[in-house]
Structures are given as C-alpha cells and as structure tokens.
Amino acid sequence: MLGSERGVVEEWLSEFKALPETQISSYAATLHRKKPLVPALYKVIQDPNNELLEPVCHQLFELYRSSEVRLKRFTLQFLPELIWVYLRLTASRDRQSNGCIEALLLGIYNLEIADKDGNNKVLSFTIPSLSKPSIYHEPSTIGSMALTEGALCQHDLIRVVYSDLHPQRETFTAQNRFEVLSFLMLCYNSAIVYMPASSYQSLCRMGSRLCVSGFPRQHEKHWKEHCGRVVLDPDFMVQLLTGVYYAIYNGQWDLGQEVLEDIIYRAQLELYSQPLLVANAMKNSLPFDAPDASQEGQKVLKVEVTPTVPRISRTAITTASIRRHRWRREGIKVRKDKTQLTVTVKKFVKTLENISDDEAQEILEEKSYVAVLGICAQDSMGNGSSVGGGEVYSFQTPKHSGKMAELASELARTPGQSVALDHAECPEKTVKSPQSSKHLSSNKVQQKSKKNEFVSTTPYRLRRRLAAPDTHLESESEYSASCSEEEEEEEEQKEANTVVSGRKTPAKTKAASTPPSQKTLSKKMKDDKMSNLVEEYFEAHSSSKVLTSDRTLQKLHKRRLNQETLRDLLKKAPLAFAPEIKELNQQHECLFSKWMLQLHLGFNIVLYGLGSKRDLLEKFRTSVLQDSVHLVVNGYFPSITVRSILNSITEEVLEHIGTFRSPLDQLEFIMKRFKEDSSLELYVLIHNLDSQMLRGERSQQILAQLSSLPSIYLIASVDHINAPLMWDQAKQSLYNWLWYETTTFSPYVEETSYENSLLVQQSGSLALSSLTHVLRSLTPNARGIFRLLAQYQLENKDNPSYPGLSFQDFYQQCREAFLVNSDLTLRAQLTEFRDHKLIRTKRGADGVEYLLIPVDDSTLTDFLEKEDEDV
Amino acid sequence: MSTCSVSKGCFVFKPSPKKRRVSPKTAEYFKEANNDSEDSGLRFATCQSLWKQIKSETEQVQEELNKQLFDNLVSFLRRSHSEFQEKTTEWTCRMKSREIPTAALVLGVNVTDHDLTFKSLSEVLQNNITPYVALLQAKDCPGIKNLMQKLMGQLMNCCIDVDSSDEEDYVQVSQHRIRCSMTSLISWYENITKKTDSETPSKKRISRHLQSPPVVVIFKDMESFTTKVLQDFIGISSLLPHSVSSLLCIELFQSLSCKEHLSTIIDKLLLTTQFAFKLSEKVLQVLINIFLYHDFSVQNFIKGFQLCIVEHFHSQPLSVLCCQLVEAKKRVNSLSHSQCENIRRLPSFRRYVESQVSEKQIALLTADNFLKEVIQKLLEDLHVYHENYVPVLRCLHVFTSSLPKYPLGKQIRELHCACLENRVWETEEYESSLQLARMLNKSDLVTMLQKCVEIFVSSSGKEFDKVVEKLKEFLAQFQKLEAGACQERGESVSSQKELQKKTDLYHLQKTLLELKESRRSKKLTKFEMLRFEVVDFIDNLVRNYLVPADHKTLHEIMYFNTASALREHLNAAPRIALHTALNNPYCYLKNQALKSDGGSISNKAPDICIVYKLHLECGRLINLVDWLEAFSTVVMAVEGTNEDAAASDQVDDIIHARFIQAVSELELLGFIKPSKQKTDHVARLTWGGC
C-alpha cells in the first residue's frame, strides 16, 4: 500500500472523530469529493492483513450508525466488497482475520432489522395486479379472450406480502450466514441508485468471483486470485441478480453480462431453480447492444410501457421502482405456485365413483372379520393370544399413589396365594379407586362430626374445601403437585386445588352434584363407564399436575449402584423358574431348522415376546450358522448405526476397500454385488431391531431393502410394545416377515447394560474417556479454558438452579488467566468445544448465554483429578 | 468370538474357506425340520414345483392385467411425441408442444404391488418407445441434486448399453464425472439424437423407436416426493429448449383395482383343478381379511399362499399325495406302511371306515394293498368332486351375484367361502337368495341360463352333458312362452287400460282391490311354473355338487387347514403376547406356584411381572421410591417364608438390584420412560391394561 493512500485513510479516520455534532451533515456532503479516499478504502478492505482494516471497519460502522443518510450510503457502497472478502475468508477457513468485517456486517444487519423504536421491521411488498398496468406489462396486450379486465379484477391479484421477521443475530453460523447476507444485499439493492460506479463494479466482481471460484470456469478468467469454493444460497443469488440487473443497464454492460453468465453457470451446477429462472429471464430480455452510454450519469432503465401508445421512457428511477424489481422475484414465486393450480387434469376419471361403490360392499364387514379372528385366537391356544383388544388397550383409570402400596401389601399378605385384583370384574372397586382418597378423608370427617356427612344439601364446592385440607393434613406422604416451574405461593389453596383436580373424574362430579346413596352411585358409575372413558382420558391429561409422593431416592440413604455392583448382585439372585424357562427355550430351539427352511424360501424372520431373545439367537447362531458367513448386530448397542452395519458388510464380508458418499450409495453397491455373485450368502442376525438407534425411518428403509435381497437372510428380534409401528406397508413387504412368538422370560441383562437405565449410577466411564481423548488433542490454552469452566461448575454443584457460567463472566475469567486476548478467540474455542459436544450453551431468561458441561459431577471430578496427575 | 462388546455393535463371522459349506440345499433344511424324513425329499420337490407353477401363473395374470394399461400409455406417448415432432404451426399445437406431456397413472392403494408394475412398465416403454427411460423413486431423491444424478445416471447408462455394442469411438464416461446439470443433459441428448439420425435405418433396434426418441421420466409414487424437489425439477426442465413453459399437460390413466386383481388371482389359483393344493375356508378367510383390512396387496396375498403351501407340505406327511391325479395314483402304490398308518389315522378316513361293512373295515385297517386301492379310488372321487364343484359354483354365482342386496355375497370368493364352510343350502342366506331368484324376470333368467350353459360346456366335468341338455330345454321352453305370452299380455293390458280410465277415487280403489284379488287367486302362469322349475333345478345341482370339502374323505391331503399358524406368522400381535406374559405368566411357565385365576397374579411371579402389575396402579407419573418399596414388600413377603434373615443389608441390596433390572426392562419394552418433571419419577407410556 502506498504511503499516500495510507495517509488519506488515516486522515479520514481521524477527522470524523474530531467532528462536532453540528457539522456532520456538511461533512457528509463533502465526503464524496475526496477522490483518492474510496479506492484507498477498497484496498484496505481487500487486504485482510492490513492493520488499518480494523479501525476502518470500525469507522464505517460509526458512519453507518450516524443519523446522516449520506454517511450511511457511503458505508453501503463497500458492502459488495465486504461480503466478498468475508465469504472468501470464510471459505478459506481463515476465520481469525475477518473478525472485524464480520462484526461490521452483523452490526449493519442488526441496525437494519429494527426500526427507530427498536421494533422488528416487517417489509411489505405489493404484488402487482395483472389487470392494472405496471411498468412490466400492459393489460391491453394480454387481454384477448378470457383475460378481460373485469375477469382479472375478480381474481384479486393485488396482494400484500410481508417479509419474515428477522431475528437479532450475534454471531454468524453456517445456518444464518446467508439469511443475514441476503438481507444485507436487499438493503444494498434498495439504495442502489445512489451508489457510485465503483460500487457497481465491485458488485459485479463479487458476483463473478463468488460464483466461479473453485470451479473449472475460473481458469478462463483473467484474474487469478486463489480461492476455494464458496457455498452460495439461492436467495442470496436472487438478491445478487437484482443488483446486477440494475448495474447492467447503468454503465456496467460488459461486467454485468459476464457476471450474469457466471451466475447462470453456478445455478446450473447447483440446480438452483429460482436464480436460474430469474437469470434466464434477464438474459433473454437483454438488448443486443449496450444501452446508449452517451447519457452518462443519467440512470436509465428503458421500459416500453405499451406498444400502442407512443413510447414513453421513464427516466425517474425511484426507490419505489427498484422495489418493484423485487416484485419480480415475488412474482416468480407466486407464478410457481400457480403452476400447480394450472396443472390440467384432463380426464378426471369417473371410475373413482365406481370403485367406491364396489368397495362399500366389502370394506368393513367387521363382524365377520372379528369372528374369524376370534376363531383363530381360539385355535392358537397356548401362545396366549386369546386376549381381546379391549383388555389390552383400554384407557387408564385415574389412580392415586397409595394404590400401589395397597396392592403391594395385599400381594404380600397372602404369600403363594393369588389375589384377585381385576378391576374390570369388580365394579365396586373401580368406583372406589378414583374416590378412595377422598373417601379416606371424608371418613375422617365423618368420625369427627357425624353431621358433616354426605348430605345431599351440602354444596359440592364447600365439600371440596372441607375435604381438601384434610387430605393435606392426614396423608402421611406429603403430596404436592409436580409442577416444578411454578412457585409455591398460595400453597394451601393451590395444593387443595391440585388434590381435587388430580383426582376428580367427571363421573365423580356428576355424582357429587346429585349425591345419591353409595349403591346407586356405584351402579351409575358402571353404566357411565364406557362413555366416560374418553372424558376420563382427557381429564387425566388435562393438567400438567400429577399427584405423586415427593419422596426421593436420596432420602432412602441408598447409594446408587453402579453397573458392576449391579451385575454382581444380580448374579447372586437366583433365576426364578429356571426349569420352566429352560423348557420354554427348548421349545423354541426345535424351530431352528424350520427357520432355516423359511429363510431360504425368501422369508425373513422376526421374533417377539417377553424375555431376552439374545441367548436364543446366539444358540441359533452357534448351532446352525457355524459354517456360513453371518453378521451379528447388537441393535441395543448405544452407538450402532446403519452405516456401521453397512460398513461391516462392505469391508468385512465383501472385502471392499474404499468409502461411500452416502449410505444409499453403499446400499446400492452391496445390492449390486449380491446380485452379480449368486454364490454370496449372508445371514444377518439383529438383536433388537427396534432399538433407539435403528428405529428411524431411513435406517429401517435401508435395512428393509437389504433384507429384500434373495441371498441375505435376516432374522431379528423386537421387544418394544410399539415396534410394529416402525414399518409401513412398503417396508413390511420388503422385509417379508414371518412372525414367531418366542417368549423366553429370560432377563434382558445384556440389552439393559449400556448405562442408559434409570436407577443405575452413571459411572460415566465412556464420557470420561471421550473427554480426555478430545482434550488431549487441544492446545494448552484450550485445556485451560475448559478447566476453568469445569472448576466453576464443580464449585456450584450444590446449587440446584445453577444455570451455567455466563459468557461474559467466562470471558473475564479467561482474560484474567491470560488464556485469551479477545472474545472472538474465546468464541472460536467454544465452537470447537461445542462441535465435540463438550459443552452446551443455553440462553437464560434474560437472553444471556450460559455455558454448561453436560457431564455429571463425579465424572467431572474424576476428570480434573486425572488432569492434575497428567500435569 | 463373543458378541458382547462395549466398543462395537457389529460382528462378522467368516468361516475359513475350506470349512465353508457350499450353500446347503434348502431341501436339507426341509428334511431336518421333519424328523420323519421318509418322503420328505419327494414332498419338498412337489412343494417346489407346485410353487413354481403358481408363481408363473400369477406373473402371467399380472402381465395380462397390465397389458391394456400399458398399451394405452404407449399410445399416449407416441401421440404426444409425434405431435411435437410434426412441428405444426397451428396455434393450439404450438401451445401444446410447449407443455410437457405428462401421464398420471393412478394405481390405487396397494403400494407394495407397484414395484412390479413399474418395473414392467419401464421395460415395455424401453422396448416400444424409447431407450431413454428413467425411473425415479421418492426415497432416492431427497433433493434436486440426487434427483438429477439418478436421472442422468439412468439415462446415460442406458445409452451406453445401446451404443457399446456397435460404437467404436464412444467414450465411456462414468456417471460421477459428468457434472449433473440440465445443460449437460441437453448436450448429451443432442449428441445422441444426431447420432441416431445419421445412422443407417437398417439397424433394427433404432428403427423400432421413433425418430429422435423422447426422454421419458417416470416418477414413482409422486405424492411422496417433496414438493420443492418436484417444483424445482419441473422448473429446471422447462428450461429445456423444447418446452419453455412449465405447464404440465396431464392425462390420467387408471389401472385395474387391486380387488379385481385379487379376484383374477383367486379365479386362477383356487377355482381351478389345475392345482391339487387347496385352501380351507378359515385359511382363505384369513388371507382375504389380511388383504381387505390390512394392505390391499396382492403380493402379500400370494406370499401368504406360499406360506400355506410350505406349511402344508411341511406339516402334513401325507401331502406327498398332493399332486396331479395320475402322479398321485402312482405314489399311492409306493406308500410305506407307516404312511398307510398315517392315512388310517386321518379323521375323515376313520369316518369313511366306520360307514363301511365290517369285513371291509377289517380289510381297510389291516391290508395295506387293499387300502391303497381304496385310496386311489377315493382320490379319484375327490378329483371328480373338484371338477364338478367349480362349474356349479360359478353357475350359482351367476344367479346370486345379480340378486338385490347380494345375500350370498357379490364376489365369487365369498360364495366359495360360504360353500366351504358348511352346507350352503342349509343357511338362511341361501334360502333368501332362492326366494329372490324365484322373482327374477324372464330376460334376466334367460341370460343367466345362457351363461350357465356356457360355463358347463366349457368345463371339463363329464357329468354335465345331461345338465346342459336340461338347461337348453329350459331355454327352449322360455322361447315357446314368447308365443303363448300374447294372450296373457292381452289380459294384463286390458286391466291396465281399465286403470288408466278416468275414474273417481272410490272406483280406482275398487278396481285395484279386484286386481289384487285376482292376482292372488290366479293360478301360476306358465312362466312362473317354469321359473320354479329352473330354480329347483339349480337348487338340486347345488345340493349335489357343492358339498363342503371337509365332508369328503381324504380332504386332509389336499386342504391346508391350520389358519392359526398362518395368522400367527403373518398377522401377529406382539403386544398381546407381551400382555399375556406379563399378566399371566402361567401361560408360559407351567409352574403350579404361578397358577392363578383370572386377572390376578401370584406374588411369586417373575420380578418383571410384579413390577408391571404394581405400575398399573399408578397414574401418569410413578415415584420410584414408592415403587421400590412396594416391590420389596411383595418380594420380602415371599423370601420371608423361606429364610428368616430379617432384612439384612445384603438381601436388601439384591432386591434393589432386582428392582433396577426389572424397571429397566420395562423401559426397554416401552412401558415407561424417564421423566424430568419431578425427581426420581418415571412417566408411564401406556394406559389401562388392568
């Protein structure tokens, strides 16, 4: 950079600071007269290592923030260049050096999204009516047959479209980057008429470079600036096109056409339909040669308003007319929507009616269906399917928490002997169950004062008030609503309310309003039972408050067991009914050869029923599959993925070296190989096909396709009660299942062992090892940063409402410990942590960012100790 | 190598190459699965050949059904393309050529069968219209890029297929290297068409296609494509120079409904003597119900049928005789003694034996050779029964299917089921349909009779000559009636005329009453007499020939009867199995301690059952402490009787551990899940179940 240019810039930097408030407007008027300043600023911006860049950005932002509109525009003219430099640096992953540009862009964005009062701006666009003339069309030229003015008016084509609300942004992320940049381009475009020619050039340059960098077309260009590919967003490209369109007709004919070609090139590669449509429309409407350049400085966009009337050229381009450019874009959107409507269905065949007529005859002969199913259920006695649906799927009756203990004591009291507890069969009991808690209290009331007994005159409301505090007093296990967010003000009253709302059922309210004798009440309940089921359901789920006792495991003085001790303890406990279970298993083992037969005939086998089927399948594997290639998949393994299954097929079974771009590609490869080579055979055993990791739609689709290969034999087990819901018809037919009920009653030891169960202490050995692993690869400073956070978290471990460490505090601490020098470096570091899932951020109620380490305290302590040893 | 590991979830086992078995024969598994391996080889062979026949039959049916549809599509494509090619300057044509001609194919609800249809469709198109057919599926195309990649891959591949045989300088480019964009597609297309234009027309392959063949893109299951992807695709492809507008010009084509498909299949598979294997009523009902209430999939129906075949041959040792009559007779001769015993054990055969005289009974039960002779005869009887059954059934169907309200069902399969179930003439529905049949008018009756004649003539049964004669006689009589009808008509006309005369209300009523009176008292007309005769004749046929199959001796050989097995394997209810196991473990574990009466559970039951039972008593949230306490109360009560180690810490821990295990098992089964709503609580995920 030349010294003189530097001087110009430095002077510019200093003079504004000294400027008194009153002279700002006159300063703004003189600013554009400084000829060497603008090129010098471009140079500064283009060079990320220039030490002037930071003050320049700062100064530009100051100008933009000032109330003077001309100063604002002065900043805005550099926007294309800024965006280009920013995107280039982002693409080259040189994030450190573009901090100030990023800050400037974000600053402009955040200023623009809000109006003067600080409210979010909503931009509204009016979509022009076809029936009214506009600069784009003349109704008389379209209107021949159907498009009369009157007909068009009825279509109500005048519509106001509002833009989305733009949220405040504090950082750029991959998700929001182009949202922000598109918005900035929109701001630029709306002020484009005021921009000098140099800004148009910069815009065109930016467009070309962004679109072409990193693609073969770059080699045809005369500039040889090295840059990687820049990701682009279709919306951004459309905004870019709007600006380019203006530039083409305003002096940048050659550059503009070049950038247009480049954008088309890029859009074709990326298959972005919107920019493609816009750009092609622009290209096709271009005149053969450049518009008359003689009227330099007169910004002309010639429009033929109507061919019938004498030509009028509109020379006045206002911001309003520019905004109409954007309508084009909106108009395109609308037109696209319309294409769906205009899809002409020529013969909408009447056969639909015929079908429905036929089907009405056959569909829903439910009676016979149920009858047949019922018959079959009787046929298949012994596998326990003789249970009607009603028993299994009925709604839950509201229960109260004492019920469990009651049942337990009942079970305990009569050892060896069974106790009938079927509620459906003894209506007396069902009646009691929703009420009994109140009964309890009301009994107490009765004892105290006989007069207060259920008298028909007592209003329900009053009784409720009577009963509720009583319950509160009498019940030993302190009840409270489990509505954690709400504070416990008005304790008494609320509690009373929750007690009632938790227990009352519609039936009961009804009974209360017309309090009959106990007997008729029970009868009534029985009658109402069915109709009330639905209401009861909604009653039970209407409030978020649930009534359970407040006792916690901590009060039990029982240490949480960890995995190993649990295992040891369970080993000591004898397996109940071992001989019977063994017999059951032997029954299933008889089926092995039948399974093999059916597998070979093209079916796949799925096992269901209570009890772990792991051992059974293991036995199957060792006894039958020993001599053939087979793959065992532990679906319950917490980090199993379809990818890993496919990988083990391609890498180990097919011995293929190489990677695949997507699981679909990989699947295709596997299918091809298996189809080509008929000697290839593979047995796949999947324990728990319905596990958390495999139950997703895509994974199931891939597995189903895999299993549909004739030489892949799949045998799987499912346990979850809703497992069959995983498969739609298409997948089911791919799987070609044969179901086998194999109830084994074996404990699910292996399946539940992976540290995800409720009561087991999370020993966190996995989390710990991954923690140390990741941290070992980081710089000492980064480790220090993490340590700080961990220590702070441990200091606060007794505080149950500890929200985490706020970013600002954290930054302060890190600075004091000489770990970072700017908040940007800290942010970059945090991003890295977040990528490795070492920390979690969440926003507090006041909008402050809080940082947390999502690992439990003991693991964290272990980690710190270990760290200390290492150091 | 163990399959437990904390670091990986997939284990591949590869036996060393010399140990590896050379793909063991399926037949061996069939043998292994059967302990009595006597005829199993033969049985398996029979089973396989039967299945092969059935498969080819169904495929053929499918092909025929689709033919009409495909022809329409092909002609549509030809038409739309030729219009475009003529490049007429007429305005309407030009408008049209700007549109993308689109055929919408409505296939109905049975998604699973569509694969086959589409595959054959693209084959047909490739053979008749254009080599450039791309079949796109929604699941392959989550984004526009994938869509283009798939499209170009398919198009270019097929072009390579065409050219590789005769072109020398065509550079084979891998699909990945070509950049996916419309421009490259266009240039590819232009390149190709130029080439085919310049080629000599002598090449057969090209000449079959049109000049500059169109590119056909098939979207399978259009609804499941994301709208964005489709919009983009149409938007982009409308940039093709050929068709600038993004309008689609859709013509709709309708495929046959899946129900018709099923009827055809049933017709071809079940109502024929071609296959010896038969389904019993219950089995057929289960299959049809799965079809109607679950999936509308003919594929699945056939799959169920396959399972029936396998199960039948697998479980029934005598199924070795389930083949064509000639073959079966041969096989009878070579039956072993134990197989003869098997036959003697068949319930239907026992019934047959009991109905014989005592000497014959003894002979049947002792002499194998005599038995074999009888079996041959019985098999022949069975065959004849089948031969007669089908035409009579069809004939009956002709009658019942046109009755109002269809008392015996509209489809022949319903009638078939009814006839298989029990003696159809004893049912109420049959009675009412006969009544209705007695009220049919003449023209209907005549057409029905004609249809019946056709059915009987075309059938293979030998006993129907007389029946046909009789039916023809009826027809002749009806014709004779035409002549005699004039008088009657005259009479009725006169009364009609009387009615039409202008009278007052009183007179009208009177005449109407008179008319009614006369009608009641009137002797049956000749037509009515004849009609009764016809209906009686049909009734007779039914009684003679439509005897339910399970009344026939040896029906067990041909008929697959275990509907429960079928239902268990095809339409299982895992939830009910779980429910039963948890609620009533005695169903599975036959231990007296577990025996209990309805709905209750013993406290000695497995832990998970107790925990499950306890959790049923809770609402939406369950407090773990309460749960644990309740559990230990129950368990301690049991343990306490055995040992009096009063709640030592050791025992306590074990119970705790057992509880943890049971709770995590319930979580695995999906009954509960951890909840953040309250400390130490879990949420219940099911309702009811008590």
> chain A heavy atoms under 4.5 Å from Ala662(B): which part of the residue, side chain, backbone, both or neither?
Replying inline: neither
> Non-hydrogen atoms of chain B under 4.5 Å away: do they reach the side chain of Asn688(A), the backbone, both or neither?
Replying inline: side chain
> With only heavy atoms counted, which part of Leu584(A) is less than 4.5 Å from chain B, the side chain, the backbone, both or neither?
Replying inline: side chain
> Do you know which of Val663(B), Thr686(B), Leu685(B) makes side-chain contact (heavy atoms from CB on, under 4.5 Å) with Ile672(B)?
Replying inline: Val663(B)
> Quick one: CD on Glu617(B) to CZ on Arg684(B), what's the gap to the nearest 0.5 Å?
Replying inline: 8.5 Å
> Quick one: side chain to side chain contact (heavy atoms under 4.5 Å, CB included) partners of Thr562(B), sequence neighbours excluded?
Replying inline: Phe560(B), Ala565(B)
> Who among Phe603(A), Trp739(A), Trp737(A) has the most heavy-atom pairs with chain B under 4.5 Å?
Replying inline: Trp739(A)
> Relative to chain B, which segment of Gln598(A) carries a heavy atom at a distance below 4.5 Å: side chain, backbone, both, or neither?
Replying inline: side chain
>> What part of Tyr748(A) gets within 4.5 angstrom of chain B, counting heavy atoms only: side chain, backbone, both, or neither?
In response: both
> Which heavy atom in His720(A) sits nearest to a heavy atom in Leu668(B), and how many Å separate them?
Replying inline: CD2-O, 3.8 Å
> Where does Asn722(A) contact chain B at under 4.5 Å (heavy atoms): side chain, backbone, both or neither?
Replying inline: side chain
>> Let's go through Asn571(B) and Tyr293(B) carefully: what are the C-alpha distance in whole Å and the side-chain angles of both, what is the deciding distance for side chain to side chain contact (heavy atoms under 4.5 Å, CB included) to 0.1 Å, and is it a yes or a no?
In response: CA-CA 11 Å; Asn571(B) 193 11; Tyr293(B) 299 108; over 6 Å; no
> Can you tell which of Asn634(A), Ile640(A), Val633(A) makes a side-chain contact (heavy atoms from CB on, under 4.5 Å) with His687(A)?
Replying inline: Asn634(A)
>> Is Ile721(A) in contact with chain B via its backbone, its side chain, both, or neither, using a 4.5 Å heavy-atom distance?
In response: both
>> Run the ring pair (Phe, Tyr, Trp, His ring centres under 6.0 Å) test against Phe592(A) and tell me which residues pass, sequence neighbours left out.
In response: Trp595(A), Phe620(A)
> Relative to chain B, which segment of Pro747(A) carries a heavy atom at a distance below 4.5 Å: side chain, backbone, both, or neither?
Replying inline: both
> Can you say whether the rings of Phe631(B) and Phe659(B) are parallel (under 30°), tilted (30 to 60°) or perpendicular (over 60°)?
Replying inline: tilted
> Is it the side chain or the backbone of Ile608(B) that comes within 4.5 Å of chain A heavy atoms, both, or neither?
Replying inline: side chain
> Is it the side chain or the backbone of Trp51(B) that comes within 4.5 Å of chain A heavy atoms, both, or neither?
Replying inline: neither
